Visitor: 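After the structure tokens below, expect a handful of questions from me.
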Amino acid sequence: MSLQIYDTLAGTKRPFTPLKPGHIGIYVCGMTVYDRCHLGHGRVLVAFDAIVRYLRYRGFDVHYVRNITDVDDKIFARASERGIPFTELTSQMIEAMHADEAALGCQSPDVEPRATDHVGLMIALIERLMTKGAAYQGDSGDVYFRVSAFTDYGKLNNRQLDDMLAGARVAVADDKESPADFVLWKRAKEGEASWESPFGAGRPGWHIECSAMSMDQLGESFDIHGGGPDLKFPHHENEIAQSEAATGCTFAHYWMHAGAVRVHDEKMSKSLGNFVTLEQLFKDVHPEVVRFFLLQSQYRSAITFTPDALKQAEVAYGRLVQALPDTVEAVDSDAMFQFQELMDDDFNTPRAIALMFDLCNVGTPTARAAMQSIGVILGLFQAGRDAFVTQSQALKAAHSGLTDQAIEQLLRDRQNARAAKDFARADEIRDQLASAGVVIEDSVDGTRWHRQ
RNA sequence: GGCGCGUUGGCAGAGUGGUUAUGCAGCGGAUUGCAAAUCCGUGGACAUCGGUUCGAUUCCGGUACGCGCCUCCA
């Protein structure tokens, strides 16, 4: 079977055919850098990282582009709240994002274009749209995209323009020809960063940056465009409109959207304030566990985050880590073939993980080697077994009431009690340790312990 | 109101027109002073009502409930 990808625009899985054989250009909408990343951002990072890793494993030469939105109302607002220049805020947040991304085991995109570095390209694209009659400047000085100039408007989200106008909730700027028209260029406001342009000083609207930068990196027509679930509308719809109106050719050939992360049956989002940041999660569990947790669901399905679910993932992943082979072995090629079949079906990472457990249960050297290979392709096992255990234990020690020294002392007391056949005392100590989250294992070569 | 998605065993989460998902938890056994860890074994599910079919959790239609988008949000 060949590679199938679910295309949001088609509403179904489609066999994947790259525009240029062997090569794939992919553009993913990245972060607006005004705050720390939460688990929803993490999901997009991990999903597309795993996808890109797999495509490369499959032999494609992948050019992975992910933008950084570093001009935006929220950025200006947050920077002025904190009394710092907006560029200082964005550079802090970009640094934090890169740290989170690295912790999750994601490879950096090949290119990470920033909006502020490409304003010239955006201006050029807006001028092109004006020349074609697809853009106009209102009395306020803002420049808008003329939605009526693009007959396919709504195709990504299956929407009719009339329906959208009827249900419009957004306050309509009175210099728009139509409420559905969206801004390409915002006139400069007092005290805010702005750029000179033929339409006057101002700054770009949100959508235009992705059209300009994706086409700059990947050409006017490219293979895959991805992003989070909340970008389908209006962001990606508007990207299609302005890009295709300008070029006259198909913009992205496959549209991929990750599913939402939920908390208590609500979408995790900044606006609802119900988000948990990656930074917070990394205090409780090893970042690889977060990655594993995310990959346990297919990238398009909704995930409900609960601390218990993360705990389950930790236990399950720990078992796989323990089964990593000590030596380099030949890989079970049959298993790798199965893996490819599973992943070729729209990147079915949950089944790939199930296969890893099957291999773990088989337990032979070649099976365990295959399990490791699969994990590595999915970006797991990056710390290695010993470091993973050490790092996980260190996290738990930070939450524990007992120091390592106290634990060692209790174990010596217990050992003495056992030697004296005072099992009641020995069990009492074991219970005490257990209630502090410390599990002990007696074996012929002594007693081992770990924090649970 | 418009568009779309979901409802699987205690929990997480795949998939299939007739045969074991997988993981966590549970239960039984081996092992252990007792445990833990490990190994072996094991019960348990497809929201609801109709239809198609020899046969549907799986296809089609209705219903209920839930969710997402329609405004910035990954």
Side-chain angles (χ1 to χ4, degrees), chain A residues 8 11 28-32 34-35 37-48 66 69 72-74 77 154 156-171 180 206 226-235 237 257-262 265-272 275 292-293 295-298 300-306 308-320 322-323 342 345 348-361 363 418 421-424 426-427 430-431 433-434 438-444 447-450 452:
Chain A
T8 307
V28 174
C29 287
M31 257 51 80
T32 300
Y34 72 104
D35 205 346
C37 293
H38 60 57
L39 187 57
H41 300 106
R43 186 178 200 188
V44 172
L45 294 173
V46 168
F48 285 101
R66 191 184 63 215
T69 300
D72 171 88
D73 286 336
K74 292 188 293 299
L156 181 68
N157 290 273
N158 228 325
R159 283 177 199 182
Q160 303 299 316
L161 205 47
D162 295 347
D163 297 335
M164 282 187 276
L165 299 182
R169 276 193 258 157
V170 62
W206 176 34
D230 30 22
L231 299 180
K232 270 167 78 175
F233 193 91
H235 186 54
E237 192 70 60
H257 293 94
V261 175
R262 293 185 198 165
D265 283 333
E266 276 184 331
K267 190 181 73 167
M268 179 178 289
S269 72
K270 292 287 176 65
S271 46
L272 290 170
F275 57 92
F292 179 80
F293 169 75
L295 292 174
Q296 271 187 312
S297 298
Q298 207 268 353
R300 282 187 290 118
S301 64
I303 296 181
T304 299
F305 170 76
T306 63
D308 188 55
L310 196 62
K311 187 75 194 167
Q312 280 190 20
E314 183 179 43
V315 176
Y317 183 61
R319 231 189 90 201
L320 293 179
Q322 288 302 328
L342 299 173
D345 184 11
N348 197 329
T349 56
R351 289 199 70 179
I353 287 173
L355 175 60
M356 287 168 74
F357 279 103
D358 287 341
L359 292 164
C360 181
N361 292 334
R418 290 181 76 204
K421 301 281 183 199
D422 182 359
F423 293 120
D427 291 352
R430 189 178 61 210
D431 291 346
L433 287 165
V438 178
V439 178
I440 61 182
E441 298 169 34
D442 296 325
S443 76
V444 283
T447 299
R448 288 195 307 264
W449 63 273
H450 68 271
Q452 199 170 26

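No experiment lies behind these values; they were computed from the predicted model shown. Proteins get letters first, then strands, A, B, ... in listed order; numbering begins at 1 in each.
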Visitor: If the P atom of B:rG41 is compared with that of B:rG23, how far apart are they to the nearest Å?
Guide: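 It comes out at 12 Å once rounded to the nearest Å.
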Visitor: For A:Leu231 and B:rA74, give me the distance from atom CG to atom C1', rounded to whole Å.
Guide: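 The answer, rounded to whole Å, is 6 Å.
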Visitor: Within the structure shown, what part of the strands sits under 4.0 Å from A:Asp230 by heavy-atom distance: base, sugar-phosphate, or nothing?
Guide: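 Here A:Asp230 touches the bases of the nucleic acid.
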Visitor: Between A:Leu320 (CG) and B:rA37 (C1'), how many Å, whole number?
Guide: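 Computing the A:Leu320:CG to B:rA37:C1' distance gives 16 Å.
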Visitor: Tell me whether the count of non-hydrogen atoms from other residues, nucleotides or ligands lying under 6.0 Å of CD in A:Gln452 goes above 12.
Guide: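 Counting other residues, nucleotides and ligands, CD of A:Gln452 stays at 12 neighbours or fewer.
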Visitor: Round to the nearest Å and state the distance from A:Lys267 atom NZ to B:rC69 atom C1'.
Guide: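 Distance check: A:Lys267 NZ to B:rC69 C1' gives 8 Å.
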Visitor: Rounded to the Å, how far apart are A:Met31 CE and B:rC72 P?
Guide: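 Rounding to the nearest Å, CE of A:Met31 and P of B:rC72 are 19 Å apart.
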Visitor: Can you check the distance between B:rA37 and B:rU32, where both ends of the measurement are the C1' atom (answer in whole Å)?
Guide: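 Roughly 11 Å separates the two C1' atoms.
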Visitor: Taking the C1' atom in each of B:rA74 and B:rC69, what is the distance between them to the nearest angstrom?
Guide: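 B:rA74 and B:rC69 have their C1' atoms separated by 14 Å.
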Visitor: With a non-hydrogen cut-off below 4.0 angstrom, is A:Asp442 in contact with a base, only sugar-phosphate, or nothing?
Guide: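 Touches a base.
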Visitor: Contact class for A:Gly40 (heavy atom, under 4.0 Å): base, sugar-phosphate, or nothing?
Guide: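 Result for A:Gly40 = base.
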Visitor: Where are the stems of RNA chain B, defined as at least 3 consecutive Watson-Crick or wobble G-U pairs with both distances under 3.5 Å?
Guide: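 Result, WC/G-U stems under 3.5 Å: B:1-7 with B:64-70, B:10-12 with B:22-24, B:26-30 with B:38-42, B:47-51 with B:59-63.
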Visitor: Hey, does A:Phe357 reach any base, or is it just sugar-phosphate, or nothing, if we go heavy atoms under 4.0 Å?
Guide: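 A:Phe357: backbone/sugar contact only, no base atoms under 4.0 Å.
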Visitor: Quick one: label A:Asp427 by what it contacts on the DNA or RNA (base, sugar-phosphate, nothing), any heavy atom closer than 4.0 Å.
Guide: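 Base, at least one base atom sits under 4.0 Å.
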Visitor: Classify the nucleic acid contact of A:Ser269 as base, sugar-phosphate or nothing, counting any heavy atom under 4.0 Å across all strands shown.
Guide: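 Here A:Ser269 touches the bases of the nucleic acid.
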Visitor: Give A:Glu441 one of three labels, base, sugar-phosphate or nothing, depending on what nucleic acid heavy atoms sit under 4.0 Å from its own.
Guide: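 Base contact.
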Visitor: In this structure, how many angstroms lie between the C1' atom of B:rA37 and the CD atom of A:Gln452, rounded?
Guide: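 Between C1' of B:rA37 and CD of A:Gln452: 11 Å.
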Visitor: Classify A:Arg418 by what it touches in the nucleic acid, base, sugar-phosphate, or nothing, heavy-atom distance under 4.0 Å.
Guide: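 Counting heavy atoms under 4.0 Å across all strands, the contact made by A:Arg418 includes a base.
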Visitor: When you compare B:rA21 with B:rA64, how far apart are their P atoms, in angstrom units rounded to a whole number?
Guide: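 Nearest-Å result for B:rA21 against B:rA64 at atom P: 32 Å.
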Visitor: Across the strands shown, which category fits A:Ser443 at heavy-atom distances under 4.0 angstrom: base, sugar-phosphate, nothing?
Guide: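 No contact at all - A:Ser443 keeps every heavy atom at 4.0 Å or more from the nucleic acid.
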Visitor: Taking any heavy-atom pair under 4.0 Å as a contact, classify A:His38: base, sugar-phosphate, or nothing.
Guide: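 If one applies the 4.0 Å heavy-atom cut-off, A:His38 turns out to touch a base.
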Visitor: For a quick check of understanding: with a heavy-atom distance under 4.0 Å over all strands, which category does A:Gly30 fall into, base, sugar-phosphate or nothing?
Guide: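 Sugar-phosphate contact only - A:Gly30 comes under 4.0 Å of backbone atoms but never of a base.
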Visitor: In whole Å, I'd like the distance from the CG atom of A:Leu342 to the C1' atom of B:rA14.
Guide: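 After rounding, the gap between these two atoms is 10 Å.
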Visitor: Kindly compute the distance separating NE2 (A:His235) from OG1 (A:Thr69), expressed to the nearest 0.5 Å.
Guide: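 If I round to the nearest 0.5 Å, the distance is 6.5 Å.
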Visitor: Could you check how far NE2 of A:His450 sits from C1' of B:rA37, rounded to whole Å?
Guide: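 Computing the A:His450:NE2 to B:rA37:C1' distance gives 8 Å.
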Visitor: Indicate, with a heavy-atom threshold strictly under 4.0 Å, whether A:Thr306 touches base, sugar-phosphate, or nothing.
Guide: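 The residue A:Thr306 makes no contact with any strand.
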Visitor: Mind checking what makes salt bridge (charged side-chain N to carboxylate O under 4.0 Å, His left out) contact with A:Asp73, not counting sequence neighbours?
Guide: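 With neighbours one apart ignored, the set is A:Lys186, A:Arg203.
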Visitor: Can you find a donor-acceptor pair, distance only, under 3.5 Å between A:Arg159 side chain and B:rC69 base?
Guide: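 Looking at the base of B:rC69, it does pair with a donor or acceptor on the side chain of A:Arg159 (distance under 3.5 Å).
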Visitor: How is A:Asp73 classified with respect to the nucleic acid when contacts are heavy atoms under 4.0 Å: base, sugar-phosphate, or nothing?
Guide: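 Result for A:Asp73 = nothing.
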Visitor: A:Glu266 has an atom CD; how far is it from atom P of B:rC69, in whole Å?
Guide: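 Distance check: A:Glu266 CD to B:rC69 P gives 10 Å.
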Visitor: Mind checking the C1' distance from B:rU58 to B:rU53? Whole angstroms is fine.
Guide: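 Their C1' atoms lie roughly 13 Å apart.
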